[in-house]
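Notes for the one structure printed next.
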Amino acid sequence: MMKRKRPWCPQHNLMIARAGNSDRIGIRVIRRTYPDSKRLNCPFDSHEAGALGVKSDYFVVAISIGFLLAGCAGGSGSGDTPAPDPVIPTAAVSVAWNAEISPSPVTNTMPFITGDPQWPGPCRTGDMILPVSGAGSWSTYSDSNGSVAVTATTGCEGVGSAARLSFDLGNGEWVVAASNDSFSSPLDLSGYSHLWIPFRGTAGVPVAFEVKLRDNAGALAVARLDGGSGLPVWRSWAVDKRQFLPQVGSLDFTAVSALEFAFSWPLANGGPRSGIVEVGNVSAWNLAAEQPVVNGFEQVSRDETTMAAIAADLLERQQPHGFLPAWFELTPNWHLYANAMALIVFTLEFNRLDDNGDAGANAYLAAAYLLGDRLVELQQRSNRNGAWDDSFRVADGNLALHPIGSRILWVGSTAWAGIALIIARDGLPDGSRYDNAIAAAAQFYGSEQDCRASAGLPSGSVTEGTEGNISSHLFLAAAATRGLAATADPDALAAFIEQTLFDPQQKRFFCGAHVDMGSGFDRDSCTLGGSGAVVAKDANSCLDVTGNWGAEWLRRQNRPADALLGLAYSRLIFPTQSFDDPGVKGLGDIAGPWTPTVEHGAGQWAAAGGPDANFVMAQARASLCSAGVCQGAADDFSAGIGWNTVSTGIAPGAWMYLGWHGGFWSRL
């Protein structure tokens, strides 16, 4: 997907956007992080095995952070007041799904309209039904004295049948309920791409929920959702069929005979170990038949009043040491990415007010310098060859490094710190003071590429996650246009993204690649305890890379048609509503989807020019933002690799600001 060489902005007629005296096109980025003391499996974007602990090809991470996202939209502008992002006209690019999965015809099942668009409810149904009922015969198993009882109940929101599974892990770590009633005949799922799995659970229960497919020969494949048993409302979980991993034998998708459900949770993790999960009729569907048509990128109308309120709130929260807490109601966490977003807002608000002759611009200029200068200082203190620690602590009123053993490096965060310094470099009167720090960050990526290649990791890569690689490439490409890329090789990184992380079948990005890390990667010696081979792709659906900045990255590669397909896929998968008020609509960030999010589902989406962008921005402003402060999501809920919070923070407000601002990525 990214084999083209820099110049970063070739003069492609649909993509070009002028910023100042150089031709550049728009782009966008996203990433997610987690709050203090939140431990979960994060497969991507971290490197310090010693600090994190390696578990297979996943890293178990304890980090202090806030959600990480970024959005962008191609735009045109001049100086500090970029014009609105251009909308590619329907006649220029009209995209329908390329049916590579099956020959099913394309139908526009989800039209995009002005106003309140068609929005799916929580109960979604595909073409092939895999019936689920508590009636009939079930077998149950456990590793200890756990139990699970199965009874019949009504399905998702009272429609169809469902199995009510009352489970108790007891002193063990798993229980299984297996249906003894085969389907009327084995089902052939080979021509389907996804499953909708409608279910709801018991609030506050952290137990993993597993769905298993069994074939005639007894082979089993499993899709697992950590924390899924705690989902308190009906939702349809969108599962790419490739997310079903072999557990017993190799599943024959042409002869699926039954479903099994399991619940698991390590004893050491604590928390409630019993609950009730109801599962409705599972259905299979084919992306090729369902993919809606997207004819162009939606332009978002500016809301300068709310932009000003967001910037003012961030300004008020800045501490004397320069940083802001990533999340406002939670234990203060001084996260790198979130503060990079604050620096971007301070710089753009200074530009906006200064262009209007508003004396209030000086406060944002001072705030930007304070935060930018602190980033430079912390880069030097981190002593990571140009990279930053992912977060910092406060000691005696000053920012300090975390203790040895709890310091974390996240390549995506370093990329965003570099992006923020580039925005400050170009937007502040004395921005050249950041050139050395930008070049040092680029040097880190060059060294990282060399070290990983020496260890046998994929050539050109800087991590295993799609987000981290794309964020890093966006930074490196921008640094290169300014002659600050040092020895890093943006083209090699682009080639890795193109060849490994883009799914040519579904025309979207994977969430990442699973690499054989063995005992781990030692950056100091550039050695690896495994083969370094890519052993699998993460087929989860992550809004940041399937849409949003993934779409913008494709636009920068002169691939607007693929970008529109990514947005179409995301518009099909991610629409959802609040747990308590179905009238609050938006896009989630991880399939599910579970609940509307502000960074990924509104601000990032709008900056990418996603369908119904004006609608989701209006929804977020009305329901999830107030007085310049925005929530992370409509509801608190964690499952899989996603963490949603109703707490307010830097990144949700910053990305709403950028969604309304327009033209942000044209500055890179």
(Q) Has T414 got a side-chain atom pairing as donor or acceptor with V411's backbone, closer than 3.5 angstrom? (A) no

(Q) Is a donor from one side chain sitting under 3.5 angstrom from an acceptor on the other, for N644 and T595? (A) no

(Q) Within the structure provided, determine whether P652 and W327 are in side-chain contact (heavy-atom separation under 4.5 Å). (A) yes

Q | Partner residues of W119 under the ring-ring contact (aromatic ring centres under 6.0 Å, His included) criterion, sequence neighbours left out | A | F615

Q. Quick one: CG on L195 to CD on Q243, what's the gap to the nearest 0.5 Å?
A. 10.0 Å

Q: Report the residues that fulfil salt bridge (Lys or Arg N to Asp or Glu O under 4.0 Å) with R200, sequence neighbours left out, ordered by chain and then residue number.
A: E278

Q) Taking only residues two or more places apart in sequence, or in another chain, which ones meet E304 in a salt bridge (Lys or Arg N to Asp or Glu O under 4.0 Å)? A) R302, R352

**Q.** Heavy-atom closest pair, residues R124 and S283
**A.** O-OG, 4.1 Å

Q: Drop me the distance from N339's CG to S413's OG, to the nearest 0.5 angstrom.
A: 10.5 Å

Q | Residue pair L543, I590: steps toward the side chain to side chain contact (heavy atoms under 4.5 Å, CB included) verdict | A | CA-CA 6 Å; L543 179 59; I590 299 291; over 6 Å; no

Q: Using atom types as modelled and distance alone, determine if a side-chain donor or acceptor of K241 lies under 3.5 Å from a backbone N or O of Y192.
A: yes

Q. Who pairs with F574 by ring-ring contact (aromatic ring centres under 6.0 Å, His included), at least two apart in sequence or on another chain?
A. none

(Q) For residues 606-668, which residue pairs pass the disulfide (SG to SG under 2.5 Å) check, not counting sequence neighbours? (A) C625-C630

Q: Apply side chain to side chain contact (heavy atoms under 4.5 Å, CB included) to M128 and W285, showing your working.
A: CA-CA 7 Å; M128 169 137 357; W285 55 283; over 6 Å; no

**Q.** Ionic contact status for R508 with D240, cut-off 4.0 Å
**A.** yes

Q: Applying side chain to side chain contact (heavy atoms under 4.5 Å, CB included), run through Q577 and V584 and close with a yes or a no.
A: CA-CA 5 Å; Q577 53 276 310; V584 178; 5.9 Å; no

Q: Could you label the plane-to-plane angle of the W237 and W594 rings as parallel, tilted or perpendicular, counting under 30° as parallel and over 60° as perpendicular?
A: tilted

Q.
Checking the side chain of N281 only, and the main-chain atoms of V132 only, is there a donor and an acceptor separated by less than 3.5 Å?
A. yes

Q. Roughly how far, to the nearest 0.5 Å, is CG of N333 from CG of L324?
A. 11.5 Å

(Q) Quick check: do L348 and H661 have side-chain heavy atoms less than 4.5 Å from each other? (A) yes

**Q.** side-chain contact (heavy atoms from CB on, under 4.5 Å) against T648, all qualifying residues, sequence neighbours excluded
**A.** F328, E329, V629, Q631

Q | Residue pair L330 / S647: nearest heavy atoms and the distance that separates them | A | CG-OG, 3.7 Å

Q: Could I get the full list of salt bridge (Lys or Arg N to Asp or Glu O under 4.0 Å) partners for D303, not counting sequence neighbours?
A: R621

Q. Taking only residues two or more places apart in sequence or in another chain, which ones pass side-chain contact (heavy atoms from CB on, under 4.5 Å) with V159?
A. none

Q. Does S229 reach the main-chain N or O of V207 with its side chain, forming a donor-acceptor pair under 3.5 Å?
A. yes

Q | Heavy-atom closest pair, residues D226 and A208 | A | OD1-CB, 3.6 Å

Q: For T546 and S570, test the side chains for any donor-to-acceptor distance below 3.5 angstrom and give the result as yes or no.
A: yes

Q.
Between K585 and D612, does any NZ, NE, NH1 or NH2 come within less than 4.0 Å of an OD or OE carboxylate oxygen?
A. no

Q: Quick one: closest heavy-atom pair of V233 and F579, and the distance?
A: CG2-CD2, 3.4 Å

Q: Please report the shortest heavy-atom distance between A563 and F297, naming the atom on each side.
A: CB-CZ, 4.0 Å

**Q.** Separation of F510 CZ from C542 SG (nearest 0.5 Å)
**A.** 12.0 Å

Q. Quick one: ring-ring contact (aromatic ring centres under 6.0 Å, His included) partners of F261, sequence neighbours excluded?
A. none

Q) Ion pair present between D313 and R317, side-chain N to carboxylate O less than 4.0 angstrom? A) yes

Q) Is there a donor-acceptor pair closer than 3.5 Å between any side-chain N or O of Q506 and the backbone N or O of L287? A) no

Q) Got a sec, which residues hit ring-ring contact (aromatic ring centres under 6.0 Å, His included) with W660, two or more places apart in sequence or on another chain? A) none

**Q.** Validation row: L343, I423 side chains within 4.5 angstrom (heavy atoms)
**A.** no

Q) Do W334 and F323 pass the ring-ring contact (aromatic ring centres under 6.0 Å, His included) test, and can you show the C-alpha distance, the side-chain angles, and the key distance before you say yes or no? A) CA-CA 7 Å; W334 311 97; F323 267 35; 7.3 Å; no

Q.
Contact between F244 and R224 at the side-chain level, heavy atoms closer than 4.5 Å - yes or no?
A. no

Q) Between S578 and A634, what is the shortest heavy-atom contact and its length? A) CB-CB, 4.0 Å

Q) Do side-chain atoms of E157 reach the backbone of W234 as a donor and acceptor pair under 3.5 angstrom? A) no

Q. Donor-acceptor pair, W410 side chain versus L336 backbone, under 3.5 Å?
A. no

Q: Enumerate the residue pairs fulfilling disulfide (SG to SG under 2.5 Å) with a member in residues 571-609, sequence neighbours excluded, ordered by first and then second residue.
A: none

Q. To the nearest 0.5 Å, what is the distance between CH2 (W196) and NE2 (H194)?
A. 8.0 Å

Q. Tell me, do R235 and T576 make a side-chain contact under 4.5 Å, heavy atoms counted?
A. yes

Q | Distance-only donor-acceptor check, side chains S471 and E467, under 3.5 Å | A | yes

**Q.** For A311, all residues meeting side-chain contact (heavy atoms from CB on, under 4.5 Å), sequence neighbours excluded
**A.** V345, E349, Y364, Y657

Q: Show your working on side-chain hydrogen bond (donor to acceptor under 3.5 Å, both in side chains) between D589 and T597 and close with a plain yes or no.
A: CA-CA 6 Å; D589 62 337; T597 60; 4.8 Å; no

Q | Distance, nearest 0.5 Å, that separates CD of E290 from CG of L572 | A | 6.5 Å

